[in-house]
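Note sheet for the following structure.
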Number of protein chains: 2
Amino acid sequence: MRILVIEDETKVGCFIKRALEEESYAVDLCEDGAKGLEMALATDYDSIIVDLMLPTLSGLDIVKSIRRERIQIPILILTAQSQVDQRVKGLDAGADDYLTKPFAIDELLARVRALLRRGTTDSPGVLQIDDLILNPATREVTRGGQRIELTLKEYALLEYLMRHSGRVLTRPMISEHVWNQDFDTFTNVIDVYVNYLRNKIDRGRTKKLIHTIRGSGYMLKAD
Amino acid sequence: MRILVIEDETKVGCFIKRALEEESYAVDLCEDGAKGLEMALATDYDSIIVDLMLPTLSGLDIVKSIRRERIQIPILILTAQSQVDQRVKGLDAGADDYLTKPFAIDELLARVRALLRRGTTDSPGVLQIDDLILNPATREVTRGGQRIELTLKEYALLEYLMRHSGRVLTRPMISEHVWNQDFDTFTNVIDVYVNYLRNKIDRGRTKKLIHTIRGSGYMLKAD
DNA sequence: GTCTTCGATGACCAGGATCCGCATGGCGGT
DNA sequence: ACCGCCATGCGGATCCTGGTCATCGAAGAC
């Protein structure tokens, strides 16, 4: 899950970025409005968090522009307490949720989780393929009831595969959602990580869940 | 269940009132300290939520006055992030729990539920993980019956870890709850304090309670 | 229709670079 | 002196790289 954060206060931005990254999201941070909009339109983010008060281009305009392009991804806006009336406009412009600064980081994380859940499928929170279960809230993964320990990247990759199981996921799609902007296209990191996951998830089991679609990419499914 | 909320910020107060009412509590809201105390003494509430910073009479004084009357109902205090030290005084004065503003409303509801449960089934107000016991009322910590001396910060950190045991706590979460808002993100104070705690709690014991979740944060649990 | 060949693609491995967390010593303020 | 905080170096986990080897599938030969 890749998230764009548009926030001009460096400290706040870094704080949010770090918190999200420790929750295993891929995060791009942008401190400028116009640049942020550009990035938002160029990349297929899973969610966008945008401050309303920004240099060069207001958060409100960013939201409007995104929606004008018929991009449906969940947007969360951040407003200062003084601009209470602004957030109504923000929601009208097409934002999905708002948070008033200062906010508790827990709450931001909870909101983002809720937005992403709502966005993909209207599922009950936990993801399940066959006997493989992933709980995004606790980041706990089990197969056949047995706990599986994953590193941050491994987890991020698995979550992406599970959220889009049954569909073929190409390498560009995977890199776009699991890694952030400084990803090098000309490597085989993705294959390597798929291999790591196979070792932890499919190794030694009769029923394989991770399938290779030769010439296209990978797919996670029970068959 | 009837709850009294003493909070002078109209917006926050209304928000809390509404949330509690949606949980089917009966709620009285009061924006003034002296008036609030009067109400607290006049009516038999099941719980009281009180902001520390109030006009006419501070939250601290309210708590003291209520306890002086030997009224045992659970009291939850709300403190601004800047008054981290105040909440210690609040707990000393007889409050049962605290919450730092800004907080997630879900957390407030959870705390209230816990307080009310505690009140009825007289389960002890102490926190316990394995043989590690923390008593918020007396700020006393023991492991295996043996007393452990902690500094203010160490205690604050441990209490936070214990209140959220079994869950991964990221550094941003910890810094937000245990330190105040002008926390410098680019230091390793948190690691240092976790280390201090380890020395006092886990050092020399087979069963470790403080676990590192590499890339994410820390977790307190018995496993 | 079957077999063979061969280029392309992916699996897997080993090692290196990098980042993260731990421990410790030191500094300033109370 | 104690507490809270900061800075640094070290060791190890994690992430990535570059390579070799296995596998697949298309195309051509028989």
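Below the 3.5 angstrom threshold, one finds no donor paired with an acceptor across the side chain of R214(B) and the base of dT14(D).
Summarising the local packing, CE of M39(A) is surrounded by more than 12 heavy atoms from other residues, nucleotides or ligands at distances under 6.0 Å. The local environment of NZ in K221(B) is crowded, with over 12 non-hydrogen atoms from other residues, nucleotides or ligands closer than 6.0 Å. Atom OH of Y98(A) sits in a sparse spot, with 12 or fewer heavy atoms from other residues, nucleotides or ligands closer than 6.0 Å.
Applying a 4.0 Å cut-off to non-hydrogen atoms, the residues of residues 186-205 of chain B that approach DNA chain C are N188(B), D191(B), V192(B), N195(B), R198(B), listed by residue number.
Checking side-chain atoms of S47(A) against main-chain N and O of P74(A) turns up a donor-acceptor pair under 3.5 Å.
A salt bridge links D97(B) and R163(B); the closest N-O separation between the charged side-chain nitrogens and carboxylate oxygens is under 4.0 Å. The residues R143(A) and D131(A) are annotated as salt-bridged, a charged nitrogen and a carboxylate oxygen being separated by less than 4.0 angstrom. Salt bridge status for R147(A) with E140(A): present, with a side-chain N to carboxylate O gap under 4.0 Å.
Between K153(B) and the phosphate of dC5(D), there is a side-chain N or O to OP1/OP2 separation shorter than 4.0 Å. Distances shown here put a side-chain N or O of Y218(A) below 4.0 Å from the OP1 or OP2 atom of dA11(C). For the OP1/OP2 pair of dC15(D) and a distance below 4.0 Å, the side-chain nitrogens and oxygens of W179(A) include no atom meeting the criterion. For T212(A), no side-chain nitrogen or oxygen approaches OP1 or OP2 of dT9(C) to under 4.0 Å. Distances shown here put every side-chain N or O of R171(A) at or beyond 4.0 Å from the OP1 or OP2 atom of dT9(C).
If you take CG of L157(B) and C1' of dC5(D), they are 14 Å apart, rounded to a whole angstrom. Atom CG in D182(A) sits about 14 Å away from atom C1' in dC19(C), given to the nearest Å. Rounded to whole Å, atom P of dC15(D) lies 6 Å from atom CG of L152(A). In this entry the distance linking CD of E154(A) with C1' of dT14(D) reads 9 Å, nearest Å.
Residues I213(A) and R18(A) both approach DNA chain C. Their nearest nucleotides, taken by heavy-atom distance, put I213(A) toward the 5′ side.
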